[in-house]
Amino acid sequence: MTNEELLCRLESILKERGMTLYELQKQSREEVIKGSTFYSMFEKRSAVKIEYICEFCRVLDISVAQLIDEKNSKKYLTPVQIELLEEFEGLDDAMIRRIIPMVKGIIFSEKCRQ
């Protein structure tokens, strides 16, 4: 993966999550990556150091492998998604089939309110 591809990938993940570069920079630790370095990286497309990659992955709560693996970009899960799946663990298929329409109804209802 080239430097440009990596930066594009980061921007894509941010967009998927509804985050901005500013939010990523604010959540990154200043001792790891200074603000001016951060913006230089994205605006001037300068080289991304491994410690920056690790910091971005920490902020985004993903592994480096998930960042680099473009084919499986949709396969990473947020902590909330993991929690939801853990709630389903141990339920039998009949129970899950009864719950899914309720969840879909809640989602539909929330979308209508927006």
Side-chain angles (χ1 to χ4, degrees):
M1 176 175 271
T2 67
N3 190 70
E4 180 64 25
E5 289 170 334
L6 178 66
L7 291 170
C8 288
R9 178 89 172 99
L10 277 166
E11 291 168 334
S12 175
I13 291 171
L14 290 173
K15 186 176 180 179
E16 288 172 9
R17 294 189 174 198
M19 285 180 71
T20 64
L21 285 173
Y22 177 78
E23 291 170 319
L24 178 63
Q25 190 266 329
K26 285 297 176 194
Q27 292 180 40
S28 298
R29 294 174 292 197
E30 182 73 18
E31 65 269 16
V32 176
I33 181 167
K34 301 208 180 316
S36 58
T37 303
F38 180 90
Y39 285 104
S40 175
M41 211 176 356
F42 284 94
E43 289 176 15
K44 297 179 182 175
R45 303 314 241 195
S46 58
V48 182
K49 295 181 179 179
I50 188 68
E51 58 264 28
Y52 302 162
I53 293 170
C54 293
E55 181 64 7
F56 297 148
C57 289
R58 182 196 65 79
V59 170
L60 296 169
D61 196 27
I62 61 173
S63 69
V64 174
Q66 289 168 315
L67 173 64
I68 294 171
D69 186 3
E70 292 180 66
K71 293 179 205 161
N72 295 314
S73 64
K74 302 280 186 196
K75 290 188 177 180
Y76 64 84
L77 299 174
T78 66
V80 172
Q81 290 168 326
I82 292 169
E83 181 182 359
L84 183 61
L85 290 174
E86 287 173 351
E87 291 297 325
F88 276 80
E89 284 182 30
L91 297 177
D92 61 32
D93 287 344
M95 177 71 81
I96 292 172
R97 280 193 292 277
R98 289 194 309 265
I99 292 171
I100 288 176
M102 290 187 286
V103 171
K104 287 181 177 181
I106 292 168
I107 292 168
F108 178 78
S109 175
E110 287 299 314
K111 285 181 179 179
C112 288
R113 283 191 213 172
Q114 296 174 352

Open item on the list: Let me check something: do M102 and F88 share a hydrophobic cluster, defined by ILVMFWY side-chain heavy atoms less than 4.5 Å apart, either directly or through other members?
Closed with: yes

Open item on the list: Using the rule that Ile, Leu, Val, Met, Phe, Trp and Tyr join whenever any side-chain heavy atoms are under 4.5 Å apart, tell me whether I13 and I50 fall into a single cluster.
Closed with: yes

How many angstroms lie between atom [atom1] of [X] and atom [atom2] of [Y], to the nearest 0.5 angstrom?
| X | Y | atom1 | atom2 | result |
| --- | --- | --- | --- | --- |
| L21 | L14 | CG | CG | 6.0 Å |
| M41 | S36 | CE | OG | 10.0 Å |
| T20 | K26 | OG1 | NZ | 10.5 Å |

Please confirm whether the backbone N or O of [Y] pairs with a side-chain atom of [X], one donor and one acceptor, at under 3.5 Å?
| X | Y | result |
| --- | --- | --- |
| T37 | I33 | no |
| Q66 | S63 | yes |
| R9 | L67 | yes |

Any side-chain heavy-atom pair of [X] and [Y] under 4.5 Å:
| X | Y | answer |
| --- | --- | --- |
| F38 | Y22 | no |
| K104 | I107 | no |
| L10 | L60 | yes |

- [ ] State plainly whether the residues R45 and E11 are in salt-bridge range, i.e. N to O under 4.0 Å.
- [x] yes

Task: R58/E55 salt bridge by N-O under 4.0 Å criterion - done: yes

- [ ] Please state whether the rings of F42 and F56 are parallel, tilted or perpendicular, taking 30° and 60° as the class boundaries.
- [x] tilted

TODO: Return the set of residues passing ring pair (Phe, Tyr, Trp, His ring centres under 6.0 Å) with Y52 (not counting sequence neighbours), or none when no residue passes.
DONE: none

Which heavy-atom pair separates [X] from [Y] by the least distance, and what is that distance?
| X | Y | result |
| --- | --- | --- |
| L7 | S46 | CD1-O, 4.2 Å |
| M95 | D92 | N-OD1, 2.7 Å |
| K34 | E30 | CA-OE2, 3.5 Å |

Open item on the list: I'd like to know whether CD of E4 has more than 12 heavy-atom contacts from other residues, nucleotides or ligands below 6.0 angstrom.
Closed with: yes

